[in-house]
Each structure stands twice: as C-alpha cells, then as structure tokens.
Amino acid sequence: MPTGTEHHGSNVSLARRAWAIRRNALRMGEVQGQGYIGQALGIADVLAVSYFHAMTYRAGDPEWEGRDRFYLSIGHYAIALYAALIEAGVLPEDEIPTYGMDDSRMPMSGMAAYTPGMEITGGSLGHGLGIAVGAALALKRKDNPAFVYNMLSDGELGEGSTWEAVMSAVQWKLDNLIAIVDFNNQQADGPTRDALAVGSEAPKWAAFGWYAQEVDGNDLAAVVDAFDKARNHTGTCPRVIICNTRMCKGIPFLEDRETTHFIRVEPDEWAKALTLLDEEKPL
Amino acid sequence: MTIPAHSRRKSKYQPRAVPEIRRATSAMIASLDAEGRDTIAAPFGHALADLARTRDDIVGLSADLSKYTDLHIFAQAHPDRFYQMGMAEALLMSAAAGMAREGFTPFATTYAVFAARRAYDFIAMAIAEENLPVKICCALPGLTTGYGPSHQATEDLAIMRGMPNLTVIDPCCAVEIDQATRAIADTPGPVYMRLLRGQVPNVLGEYGYEFKLGKAQTIRDGGDVLFISSGIMTMRVLDAAARLATDGISCAVLHSPTIKPLDAETIVEQARKGGRLVITAENHSVTGGLGEAVAGALMRAGAHVPFRQIGLPDEFLDAGALPTLHDQYGLTVDAIAARVKTWLEA
Ligand SMILES: [Mg+2]
C-alpha cells in the first residue's frame, strides 16, 4: 500500500476528526449566514473516514501523483470538503472567514481552479462519476495503484449520465473506483424518494455489477468497515458505498428542524450550534 | 377538457407523384463527392495512428462511432489505446476529461450533432472550464448527410463558438485534416474539429497549402469578390471562382478553417483591400457560424464593406440525396456562381 498521508496511525480519533469537520463547517456557514450546512453536518462522518482512515495523500502536496483522487460531484458540498481539507492540513484554518467571499479560494460551489484539494469542478450534477471513470482508466494505463473516489448525492442518481458511468465502470473492470453516495433523501425540491430514486439503491448498483454496500453514514465504525471492505474487495469490479445520512447530524435542534435542501439558520443560532458542538467534543 | 392540437412541421407529409429520375438518399457513411479531385482514405485516422507512434500520451475514445469517424484506423494500429465508451456521449466527454486530468491527450470522436447538442454541458464543465486538452473530432458536419436533422449538424459551429476556451476548426480536405490533426495534438487546451471521413478529397494540396492554427490564408487572389470560407465550402468557392473567371469575374478565396479564435486581423485586412464584395461561405446555418463571426469582426473593426452570406437556412433541413440537398440549399458551384452574378449585377 502506498504511503503519504500524515494521518495514518494518528492518535486523533475519527470521532474527533468528524467533530472538527462539523466545527469548521459551522464556522464557514456563520460567515455567510447560510450555506449547505445541513449536508456538511450530515456527511462529516464519511469525510472523516475518507480523509483520516481510507485515503492516501500528502497534505502539503495536493497534486502528488501517488495520492488517492477524491472527486466531489456535488459542488454545493464544497463547505463540507473545505472543512475536511482544513482539518487535513491541505487548506489553512485561517482562511475560514473568507468562505464564499470575493477573491476567496473557497467559493460556495467547489471548483478545481480555486482550491487545493478540490480535484474537479462540481456543481453541474451527473458529471463526477464519468470523470472518475476516465481517471480510473488513466491510472490503470499508468500502473498507478491509487484509488479514485467520487462522492455523489442521491439526487444525482436521477441524472442519466451517472448511469452511463455506472455501466462503463463495470465494462472496464474499474476495481480502483469507489463511489460514495450520500443518501440523505433530500434534493432541491424535496425528498429524493419522491423524485426518481424510489428505493433499493444498493441492489440496483449490484445488479449493474458493482460491489455495493449500504451503511448508516453517521455510524463511524460501520463507515470504516465499509471503506475497508470496498478497498480490500478482491473482485475486479467497481465499488459503491451508499451512505444513509441524517442532515444536520450532530446539532439536535437543527436535526429536528424540517429537513430541506437549504436549511434555514437564524443569525443567533450559529453560536448556539457551536456551543452545543463544543459541549460534545470527543477525545 | 379539449386541448387543441399544435401546428407541427410536416414538410413532406402529403402524398406526391413519384418522379421518374430520383437520386437515392446518401448513406451516412458515404464519402463526399470529390468532384474530379484525388481522394485520400481516412486522413484523420491515419494521421492520429501515425502521431501516436511517437506520442505515448495520445489515446482515442469513441461513443460507438469509431468506424464512422475513421478512429478505427487508430484503434487497429494501437488497440490498447482505444477506448470504446459505448453509446454514451456524456460519458465519452467526461471520461476523456478524466484521462486528460491524468496527463493523457484524448481524441474523442462521435457525430457533430451528438457532441454539440447532447454533450454540451459535459464538454463545457468537465473539459473546457479547466482548459483540458481533449480533442473532440466529429463527423457529419453541416449538411454532409441526407439523413435529416437527427444527423445534420447545421448549428454545431454556433453552439461550439459559444464555449469559452474551446478552439473550433472546420477543415476543408484530406490534406488539411492530416495537418490539423497533428497541429491540435500539439496545442494546449480543448479543440472541437469537424471531420470529413472515408474517401476525402484532396483540395488544398495543389496550392502548397499548410494549415496554421488560428490563421486564415489566401488560396487564390482576385479583384471583384472576396470569398471568406471554411470546410468543404472552400472547395466549392474555389470551383465557383474558376467558373466565374471564364465570365471575367475575378474572385479571391480566403480560407479560414479556424472558426475560433477567428483570424480577425487577416480577415479585416483582406476585406479592406480594394472594393471587393465580401461573401462568406460555410457548410452551416447562416446563424452563428463563420459568416456571423466574420460580420462581427468587420463591424468591430469599423470595416463597413459590402457583405453577403452563403450558408444553410436557419431551418431543420430536408432528408434526401446529398447532391439534391446541396442544390436545394444553394451549396453547389452552380448555385454559388449564379448568386455571385446576381449580387454583382445588383
Ligand atoms: Mg441529497
């Protein structure tokens, strides 16, 4: 296994990493008084496992050839990835107050040209998995053993181009490709289950030929186990982890709020949320 | 509830008498009529296969149209570097972007209609926004098939010109396709190139022409008319110029294969020379292609010269035999010569 991450073998627990990601995201949300904070809080545990358990990378050299690639399809999840990249040391913490500001390296929607560690330009949904297929093919041509991770949303399963890529990854036996679906059952107009993804997502991917797992995306031990199985699976097929997540996870009063794509947070609630989070700081 | 039916396009809906002499609808794979010129087989496929012998970074991808874009020649020469992506154009463009991210120079082929219409968002966001060196090479440009609007890319240049970072090329003939393929492989950034495939006429070889990316070049000089043309219409206006010369009308031909970035400097300089009627000629809709690009360049430069456009109407075109359709829509040498005379007499 190639090495490079500074975090393998770290004493810092994944719970603490996830907590830090949530904290960074809340601080960025507070800067703008908005943001996709519901998604960021929901996916924090999966990002903690990605960046502090599964992936190989060098924080100081985000374009290091040996790194595992992490492609974020969902541009509006940028706040979550910035939070993880800050915790990983790829981005400096002192840029948090610039989130979404003019001239910031951290725009509201993730773009490769702006941010170290943001590999692709997301935002137009249904692109990431196809790009990941091309990158996985290229890595095989180069005999580079790195993995390509693509984080996509449940809403993106409605895009036909996602399924073009699903089929292609099997056709080309891309065992170096790991798709991570954040299934929070929420897209712009409402519940994903009321739109196109009516259920049985893991069996669908499996039927196409993927090694498919479905896990509670807010259960760190379960997510670790799923990533380990995805990476160590011996089949010559691509791998997908469907992560059922709860939007706003970790901040109970936001969790209880009516779930929407763009969660409403009152100005005084950011400090309240940070206080609540700080009271639950893990070791 | 009563919902009245909409009025729809029914261009040939009514029964009609069958004429005695009919030309058959040209198959999609038919080569363009060389009109007495030599032809060269599969210039794109052979050029790419040749290039790849010294360039390890070159890979080829197609969406179930390798045989119909001449990419099969490359695939036969370099089977391990050919990627059949299936009938999936969004994937074709996205995967090419992914390979380019990792250092490769992908040539992605399909038909022009599918790249321009179906895959636009993927070319824009996965390829062009990051200025990745994907070379999109597309067959059946403009009116080069009789199959009807599903396969006639009459607005591809208009669509592609709108994309930032994208270089857009409309080559004329086999020699130019060979040279342009090599040139775009050496050019950073994304390219959209129109392809002629199969047996492709050699038009520009006899003029000692050499393709230069971003450059319009004078192929023929003349004092009454300045044709500014691209693609197969350069072949047609060269023949029209020869025809008109016998009637004492002297026509220059400025070939402008790079549609974007347009060589505005040369075009304006030539248009300003000596009171000639400027006529653009393109195998494309008169909306948004070479003609309007030239008109914009002239207006921006303050070059207020007499200007006419030869091109396809802003319509979904008919199906039929290609020569019939070229007659019908005024792309033939006869039609061009007749219009030039009418315009000069007016
Ligand atoms: Mg969602």
Side-chain angles (χ1 to χ4, degrees), chain A residues 63-71 73 75 107 109-115 118-144 146 148-150 152 156 159-174 176-177, chain B residues 52 55-64 78-108 110 114-115 117-136 163-165 189-190:
Chain A
E63 296 182 20
W64 173 52
E65 176 69 6
R67 75 193 184 283
D68 288 331
R69 279 68 169 157
F70 189 90
Y71 288 0
S73 287
S109 188
M111 286 179 276
Y114 282 61
T115 319
M118 184 67 71
E119 300 247 16
I120 65 167
T121 295
S124 180
L125 302 181
H127 286 220
L129 195 59
I131 301 171
V133 164
L137 284 169
L139 290 174
K140 284 185 176 291
R141 273 207 79 71
K142 294 193 284 188
D143 294 320
N144 183 328
V148 182
Y149 291 85
N150 170 225
L152 62 164
E156 252 183 305
E159 296 284 359
S161 54
T162 296
W163 296 98
E164 292 182 8
V166 164
M167 289 187 282
S168 183
V170 174
Q171 188 81 26
W172 290 100
K173 300 183 170 61
L174 297 179
N176 55 347
L177 175 59
Chain B
R55 290 270 305 262
D56 289 340
D57 60 310
I58 288 178
V59 291
L61 301 85
S62 191
D64 194 37
H78 308 282
D80 67 311
R81 285 202 252 171
F82 169 66
Y83 294 86
Q84 174 58 264
M85 302 313 294
M87 202 184 292
E89 291 78 14
L91 172 73
L92 171 72
M93 299 306 171
S94 301
M99 297 196 85
R101 304 193 67 80
E102 292 296 333
F104 292 99
T105 302
F107 279 70
T110 179
F114 305 135
R117 296 175 185 160
R118 191 190 289 259
Y120 192 83
D121 184 34
F122 299 86
I123 300 172
M125 294 314 300
I127 296 171
E129 196 262 346
E130 284 190 67
N131 207 29
L132 291 168
V134 176
K135 317 302 173 180
I136 301 156
M163 194 173 318
N165 288 347

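Atoms considered below: every heavy atom in the structure, side chains included; atoms not considered: hydrogens, waters and symmetry mates. Letters A, B, ... are given to chains in the order of the sequence lines, protein chains preceding strands, and every chain is numbered from 1.
Within the 4.5 Å cutoff, the side chain of A/M111 has heavy atoms near those of the B/E129 side chain.
Atom CD of B/E89 is separated from atom OG of A/S161 by 12.0 Å, given to the nearest 0.5 angstrom. To the nearest 0.5 angstrom, B/M99 atom CE is 5.5 Å from A/L137 atom CG. Rounding to the nearest 0.5 Å places CE of B/M85 at 9.5 Å from CD of A/E164. Rounding to the nearest 0.5 Å gives a distance of 8.5 Å between CD1 of B/I127 and CD1 of A/I131. Interatomic distance, B/R101 CZ to A/L139 CG, rounded to the nearest 0.5 Å: 11.5 Å.
Contacts of B/F122 with chain A are made by both backbone and side-chain atoms, with heavy-atom separations under 4.5 Å. Within the 4.5 angstrom heavy-atom criterion, no atom of B/A96 approaches chain A. With a 4.5 angstrom heavy-atom cutoff, B/N131 does not touch chain A via any of its atoms. Looking at A/M167, neither its backbone nor its side chain comes within 4.5 Å of chain B, counting heavy atoms on both sides.
In terms of non-hydrogen atom pairs under 4.5 Å with chain B, the most contact-rich of A/G126, A/G123, A/A113, A/G134 is A/G134.
The local environment of CZ in B/R55 is crowded, with over 12 non-hydrogen atoms from other residues, nucleotides or ligands closer than 6.0 Å. Crowding of A/K140 atom NZ: a count of heavy atoms from other residues, nucleotides or ligands under 6.0 Å exceeding 12. Residue-environment remark: CD (A/E65) exceeds the threshold of 12 foreign heavy atoms within 6.0 Å.
Shortest non-hydrogen contact noted between B/D121 and A/H127 is OD2-NE2, 2.9 Å. Closest non-hydrogen pair, A/A165 versus B/L91, comes out as CA-CD1, 3.8 Å.
Remark: A/R141 is not positioned above the aromatic ring of B/Y83, lacking an NZ or CZ atom under 6.0 angstrom from the ring centre and at most 45 degrees off the axis.
Between the side chain of A/K142 and the backbone N or O of B/E102, at least one donor-acceptor pair lies under 3.5 Å.
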